[in-house]
Structures are given as C-alpha cells and as structure tokens.
Amino acid sequence: AQHCAWETVQRGHAVANGCYVAAANRVGQEGATEFWGRSFVSDFYGQIGAKADTAAEQILTYDCDFKALEDFRRIWPFFR
C-alpha cells in the first residue's frame with residue numbers, strides 16, 4: 001500500500017505540473033528498512049513509460065517526447 005501511494009503521488013505531480021517526472025527509489029535493505037526499488041519515469045499524463053526492477057540496481061532510460069509535451073501544454077494550459 002505504501003509503494004502504491006508513493007507511485008500515485010509521483011504520477012500526480014507529473015500531471016499537475018505538466019512535465020515528465022523521474023522518481024528514484026533505491027533497492028535493498030538497511031537495518032530494518034527495506035527499499036522497494038521500482039524507480040520509474042512518468043509522462044505528463046501520469047502514464048509510466050519505464051520502470052526499474054524491484055531487486056537489482058539498474059540504469060533506467062526513457063526517451064522524452066518534447067513535441068507531445070508541447071501539445072499537452074497547449075491543451076492543458078495550467079500556467080497561463
């Protein structure tokens with residue numbers, strides 16, 4: 001439930017700000033704390049375009065479509 005809430009909030013930030021969001025979360029354990037991993041990149045609609053693994057460190061890449069972002073900002077002009 002905590003991971004789901006964290007992911008939803010990050011995706012909401014992408015929509016509310018009309019931008020891509022890269023959310024990083026480490027993997028592994030430190031003391032009693034376990035980290036979920038699953039870093040991801042969300043587009044401006046909150047759709048996940050790339051997601052990392054739950055157990056291993058990864059380098060996550062994603063090609064941002066800046067033309068689509070420009071079109072989105074014309075439709076949803078939050079900052080006018």
Side-chain angles (χ1 to χ4, degrees):
Q2 284 181 319
H3 176 267
C4 183
W6 169 77
E7 186 177 284
T8 301
V9 167
Q10 302 311 313
R11 292 169 61 195
H13 288 313
V15 176
N17 290 288
C19 64
Y20 289 95
V21 167
N25 192 14
R26 59 192 271 203
V27 296
Q29 192 150 350
E30 185 175 315
T33 304
E34 183 177 350
F35 297 93
W36 310 301
R38 292 186 258 184
S39 299
F40 67 93
V41 178
S42 171
D43 71 7
F44 36 86
Y45 282 112
Q47 298 173 322
I48 295 177
K51 187 180 264 192
D53 194 50
T54 60
E57 291 183 9
Q58 289 181 271
I59 295 173
L60 189 64
T61 61
Y62 180 77
D63 291 325
C64 296
D65 183 346
F66 292 108
K67 173 68 172 114
L69 176 59
E70 183 181 328
D71 294 343
F72 170 83
R73 288 181 175 173
R74 265 194 220 99
I75 295 167
W76 291 44
F78 291 119
F79 297 116
R80 278 194 194 162

Under 3.5 Å donor-acceptor, S39 side chain and N25 backbone: yes
Euclidean distance, E7 CD relative to R38 CZ, rounded to 0.5 Å: 7.5 Å
Could you check if a side-chain atom of [X] sits within less than 4.5 angstrom of a side-chain atom of [Y], using non-hydrogen atoms only?
{"X": "S42", "Y": "K51", "value": "no"}
{"X": "F35", "Y": "V27", "value": "no"}
{"X": "Q10", "Y": "W6", "value": "yes"}

Set of residues satisfying side-chain hydrogen bond (donor to acceptor under 3.5 Å, both in side chains) with respect to Q29, sequence neighbours excluded: none
Salt bridge (charged side-chain N to carboxylate O under 4.0 Å, His left out) partners of residues 60-70, not counting sequence neighbours, each pair once: K67-D71, E70-R74
Please find the pair of heavy atoms, one from [X] and one from [Y], that lie closest to each other, and give the distance.
{"X": "Y62", "Y": "V41", "result": "CD2-CG1, 3.6 Å"}
{"X": "L69", "Y": "G18", "result": "CD1-O, 3.2 Å"}
{"X": "R11", "Y": "F40", "result": "CG-CE1, 3.8 Å"}
{"X": "H13", "Y": "V21", "result": "C-CG2, 4.3 Å"}

Same apolar cluster: Y20 and V15, side chain cutoff 4.5 Å: yes
E57 CD: over 12 foreign heavy atoms closer than 6.0 Å: no
Test ring-ring contact (aromatic ring centres under 6.0 Å, His included) applied to F44 and W76, F72, F66, the passing residue: F72
Partner set under salt bridge (charged side-chain N to carboxylate O under 4.0 Å, His left out) for E30, not counting sequence neighbours: R26
